[in-house]
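Structure, as structure tokens:
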Protein chains: 2
Amino acid sequence: MGTEDRKEREKEQMRQLIIKTAMQLFLEKGMDNVSIRAIAEKIEYSPGSIYSYFKDKGEIIHAIHTEGFEKLYAQQKTLDGVENPVDKLAQMGRLYMKFALENRDYYDLMFIAKGVAEKITEKQEWEVGNRSYDYLRETVKACIEQGYINDPNVDAVTFGIWGFVHGMAALIIRGRCAMMPEEFIEQTVEGSLHFMYTHLITNSK
Amino acid sequence: MGTEDRKEREKEQMRQLIIKTAMQLFLEKGMDNVSIRAIAEKIEYSPGSIYSYFKDKGEIIHAIHTEGFEKLYAQQKTLDGVENPVDKLAQMGRLYMKFALENRDYYDLMFIAKGVAEKITEKQEWEVGNRSYDYLRETVKACIEQGYINDPNVDAVTFGIWGFVHGMAALIIRGRCAMMPEEFIEQTVEGSLHFMYTHLITNSK
DNA sequence: TCAATTATTAAACAATGTTCAATATATAAA
DNA sequence: TTTATATATTGAACATTGTTTAATAATTGA
């Protein structure tokens, strides 16, 4: 009597279809146009149906949110081969910034948007995010241990560096950079990254 | 025939009442509960009336937004007397952070919220914000000129330092710090600030 | 007092997330 | 195959947004 298995399989398929469609809308029209009704229309179901597969909109958003973290982590893993932790750190900063600016909707959802992360204080919902954070933290730790960064507080340095890159990205994405012309932003960011990495690192080894 | 003057005075009074009420709701119940209907109810007018005094909700939000910048700038001016630009920079960072964490709703509106700054690309709408930015920029400039910071790119350094502090504030306010327990955040931030200011500054003078 | 301007309102519109009773469908039992 | 039960799906409804607009009330100038 494998009909129960099939049922579950179909249910999972439907869940995937909804997520996939939500993701499409998300990329096509931006976060604000991922309405339950829009998703329903695209898969030719009624809006109410979606609630048989997801508790609320938040659950769908969370799936997109997770997808974003997967993408980011995949890019981070690109740096696995970089031996020197300082180089790794510098490249990671630029990679992170690139990801943020080239996937603004994803980045917004992952690190800026309201009502996405606030409630996720439960359990291992942060796994995907923590993985990326730990990747940064390990690199910082290596920098400290090898004498490139002259501060024993791994967590403070990690959070500071993350904040630094995130801060610039967030200001740009949320349009708070009116003090400089659009076309200067890129080079200013590069200047900031250069400034940070040349000054934070003590070549005392 | 001074009735026209009085009319205008009354109109301005009404505008102020609306703004004041919006501000109250904003501080009491947070940004998300500043609905046109809530404001209208509190001043005992109909929702439609508000549109005789403001083009749309954005205009009201913008007033609160501006108030926030006034508050921040007032705090910055506290540092006018600090002679050493490095001290000034360090104190400004802590002051900024304190402002962000003690006035989260204001800070959110000023630097994070969507749909507040995006459209304000017009003219001098950024005056209040630029004033604060210039205050930081001048301090950074002094640090560079006096040889405390070893990088000639004033704009890059300024933007980087701003991004650094903003980044941490934004991550905290928008609940993206699940990787550390709530009670560690404060000391981690202080550690980051300390790290930055001791490493960015070259005491080469 | 009367006409014209202005202020205010109530109702309506469109869009949002969400719920729920009714209906259709698919499954299991007779 | 027919019948009864469980499941899936729907469409309408609810409450909440911001906003518009025609109708009404109030105020003003002659």
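Just the heavy atoms: all of them, side chains too, but no hydrogens, waters or symmetry mates, feed the values below. Residue numbering restarts at 1 for every chain, and letters A, B, ... go by the order of the sequence lines.
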Subject >> Length of the NZ-C1' vector between B:Lys11 and C:dT6, whole Å >> reply: 8 Å
**OP:** Could you identify which residues of residues 38-46 of chain B place a heavy atom less than 4.0 Å from some atom of DNA chain D, listed by residue number, or say none?
**Re:** none
**OP:** Starting at atom CE of A:Met14, determine the distance to atom C1' of D:dT9, rounded to an integer number of angstrom.
**Re:** 9 Å
Subject >> Spacing between B:Glu10 atom CD and D:dT27 atom P, to the nearest angstrom >> reply: 10 Å
**OP:** Could you tell me whether A:Lys55 and A:Glu59 make a salt bridge, using a distance below 4.0 angstrom between a side-chain N and a carboxylate O?
**Re:** no
Subject >> Short side-chain N/O contact from B:Ser49 to OP1 or OP2 of C:dA7, under 4.0 Å >> reply: no
Show the atom names and distances, to 0.1 Å, of all donor-acceptor pairs under 3.5 Å that link a side chain in residues 68-75 of chain B to residues at least two apart or in another chain.
from, atom 1, to, atom 2, distance (Å)
B:Glu70, OE1, B:Arg131, NH2, 3.1

Check the interface with nucleotides 14-18 of chain D: list each N/O to N/O pair with the protein under 3.5 Å, or write none.
from, atom 1, to, atom 2, distance (Å)
D:dG18, OP1, B:Lys57, NZ, 2.8
D:dG18, OP2, B:Ile36, N, 3.2
D:dG18, N7, B:Arg37, NH1, 2.7
D:dG18, O6, B:Arg37, NH2, 2.9

Subject >> For A:Ala63, all residues meeting side chain to side chain contact (heavy atoms under 4.5 Å, CB included), sequence neighbours excluded >> reply: A:Ile19
**OP:** May I have the distance from B:Glu8 (atom CD) to C:dT6 (atom P), rounded to whole angstrom?
**Re:** 12 Å
Original post:
Would the B:Phe159 and A:Phe184 ring centres measure less than 6.0 Å apart?
Top reply: no
Subject >> Residues which pass side chain to side chain contact (heavy atoms under 4.5 Å, CB included) with A:Ala22, listed by chain and number, not counting sequence neighbours >> reply: A:Val34, A:Ile39, A:Ile60, A:Ile64
**OP:** Could you pick out which residue, A:Pro47 or B:Pro47, lies toward the 5' side of DNA chain D when each is mapped onto its nearest nucleotide?
**Re:** A:Pro47
**OP:** Write down the distance between CD1 (A:Ile61) and P (C:dT16), rounded to a whole number of angstrom.
**Re:** 13 Å
**OP:** Return yes when atom CD of A:Glu41 has more than 12 non-hydrogen atoms of other residues, nucleotides or ligands closer than 6.0 Å, and no otherwise.
**Re:** no
Original post:
Is A:Arg15 close enough and on-axis enough to A:Phe54, meaning under 6.0 Å and within 45°, for cation-pi?
Top reply: yes
Original post:
So what does B:Tyr53 hit on the nucleic acid, given a heavy-atom distance under 4.0 Å: a base, only sugar-phosphate, or nothing?
Top reply: sugar-phosphate
Original post:
Taking the six-membered ring of B:Tyr135, is NZ or CZ of B:Lys77 closer than 6.0 Å to its centre and within 45° of its axis?
Top reply: no
**OP:** Provide the full list of side chain to side chain donor-acceptor pair (under 3.5 Å) pairs with a residue in residues 180-195 of chain B, sequence neighbours left out, each pair given once.
**Re:** B:Arg94-B:Glu190
